[in-house]
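See structure below.
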Amino acid sequence: RSGSTMEPIMNQIWSRVFQRLHRTSLLPRRSHSGCAEHATVPASTNCRHVKPTLRVSRLYQPSNLRDVGQDSRLQGEMTCKSQRLMQQAGLIHPSNPGCYYYLPATVRSMEKLGRVIDQEMQGIGGQKLDMPSLCSADLWKTSERWDLMGKELLRLKDRHGADYCLAPTHEEAVTTLVAHQTTLSYRQLPLLLYQV
């Protein structure tokens, strides 16, 4: 679909995603005493079939309540306020400049967001696929983005000397994928493919 027709659809999907996330709590609810609430299991229930619940007190979330921006060691890495806030809340932890560990609460949130996006996209006929992270340089040279991207594009060669890049986006890859399907019928259109 063209960009002009996809924009209202994507806006509608994202509004539904945010509404769903609003209704869904990301962490266990807390009682007035500050402890995590857990459903009580009837005595007659067989314990082997009860899903174990992770207590908030056991959640690996090393919060760092001091201002990370004041730490001289991390000042070069933390360039924006959102990064500092996420580290203070124990959602991410820096590994190398520009690289972060996603801690358990962040991973759970991202998985829930992915599930909501899947449900909404499949609700309008979208089909999920997973495209390769490494793309051939030929595709990027054809679209003239190989030189346009500059130093930000991570490039590498395989053992045969062929050029590849770590694809930040997959417009070239998905266009080539669909273009190679010579048996595609008009009955299959419009075709909505996505990846998360």
Side-chain angles (χ1 to χ4, degrees), residues 1-11 13-14 17-18 21 60 68 73-87 90-196:
R1 297 184 183 187
S2 65
S4 60
T5 58
M6 285 301 298
E7 191 171 334
I9 293 173
M10 294 310 294
N11 288 340
I13 289 171
W14 279 112
V17 166
F18 288 127
L21 286 176
Y60 181 71
V68 179
R73 185 178 64 85
L74 296 174
Q75 269 183 336
E77 299 173 12
M78 298 292 174
T79 56
C80 66
K81 186 176 181 180
S82 62
Q83 290 174 334
R84 290 194 299 271
L85 291 173
M86 285 192 290
Q87 188 182 357
L91 300 175
I92 61 172
H93 184 76
S95 166
N96 300 312
C99 301
Y100 296 92
Y101 295 101
Y102 287 165
L103 299 180
T106 306
V107 173
R108 289 178 63 193
S109 302
M110 290 174 66
E111 287 172 350
K112 285 188 178 188
L113 178 60
R115 285 195 297 269
V116 172
I117 291 172
D118 282 341
Q119 290 170 0
E120 294 297 329
M121 290 298 290
Q122 290 165 14
I124 61 168
Q127 300 174 62
K128 186 176 184 178
L129 51 82
D130 197 5
M131 288 178 268
S133 299
L134 289 179
C135 287
S136 170
D138 296 337
L139 293 177
W140 283 69
K141 287 174 182 174
T142 303
S143 66
E144 300 180 355
R145 292 208 297 169
W146 182 261
D147 297 318
L148 189 65
M149 292 291 284
K151 292 188 291 185
E152 280 72 28
L153 187 65
L154 180 62
R155 304 154 202 260
L156 53 122
K157 291 182 182 290
D158 68 2
R159 60 185 175 148
H160 303 295
D163 286 316
Y164 288 87
C165 68
L166 184 64
T169 61
H170 286 84
E171 289 88 351
E172 290 84 0
V174 74
T175 303
T176 305
L177 174 69
V178 175
H180 283 138
Q181 305 304 314
T182 55
T183 58
L184 191 67
S185 168
Y186 72 92
R187 292 186 181 92
Q188 295 173 265
L189 302 175
L191 182 62
L192 180 57
L193 302 174
Y194 77 100
Q195 78 169 350
V196 177

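Quick note: numbers below take in every heavy atom, side chains included, and nothing from hydrogens, waters or symmetry partners. Just so it is clear, the model here is predicted, and its values are computed rather than measured.
Here the shortest heavy-atom pairing between Met131 and Ala173 reads SD-CB, 4.2 Å. Across every non-hydrogen atom of Tyr102 and Val107, the tightest pair is O-CG2, 3.7 Å. Here the shortest heavy-atom pairing between Ala105 and Ser109 reads O-OG, 2.9 Å. In terms of heavy atoms, Gly90 sits closest to Leu103 at O-CD1, 3.3 Å. Nearest heavy-atom pair across Leu189 and Leu184 is CD2-CD2, 4.2 Å. Listed here is the closest heavy atom pair of Leu139 and Glu172: O-CG, 3.7 Å.
In this structure, CG in Leu166 is found 7.5 Å from CG in Leu156, a value given to the nearest 0.5 Å. Residue Tyr100 holds its OH atom at 3.5 Å from CD of Gln83, rounded to the nearest 0.5 Å. A distance of 7.5 Å separates CG in Asn96 from OH in Tyr101, rounded to the nearest 0.5 Å. The distance from the OG1 atom of Thr169 to the CZ atom of Arg145 is 3.5 Å, given to the nearest 0.5 Å. Separating the SG atom in Cys80 from the CE atom in Met86 is a distance of 7.0 Å, to the nearest 0.5 Å. The structure places NZ of Lys141 at 10.5 Å from SG of Cys165, a figure rounded to the nearest 0.5 Å.
You'll find the side chain of Thr176 stays beyond 4.5 Å of the side chain of Thr142, heavy atoms only. Residues Trp140 and Met149 are in side-chain contact: their nearest non-hydrogen atoms beyond the backbone lie under 4.5 Å apart. Two residues are said to be in side-chain contact when any heavy atoms from C-beta on lie closer than 4.5 Å; Arg155 and Trp146 meet this criterion. Proximity of Leu134 to Asp158: side-chain heavy atoms (C-beta onward) are nowhere separated by under 4.5 Å. Met121 has its side chain out of reach of Val196: every pair of non-hydrogen atoms, C-beta onward, lies at least 4.5 Å apart.
Distance alone, capped at 3.5 Å, is enough to place a donor-acceptor pair between the His170 side chain and the Pro132 backbone. A distance-only check finds no donor-acceptor pair linking the side chain of Gln181 to the backbone of Val178 [under 3.5 Å].
Within a 6.0 Å radius of CD in Gln188, more than 12 heavy atoms belonging to other residues, nucleotides or ligands are found.
Classification of Asp118 and Lys128 as a salt-bridged pair holds, one side-chain N sitting under 4.0 Å from a carboxylate O.
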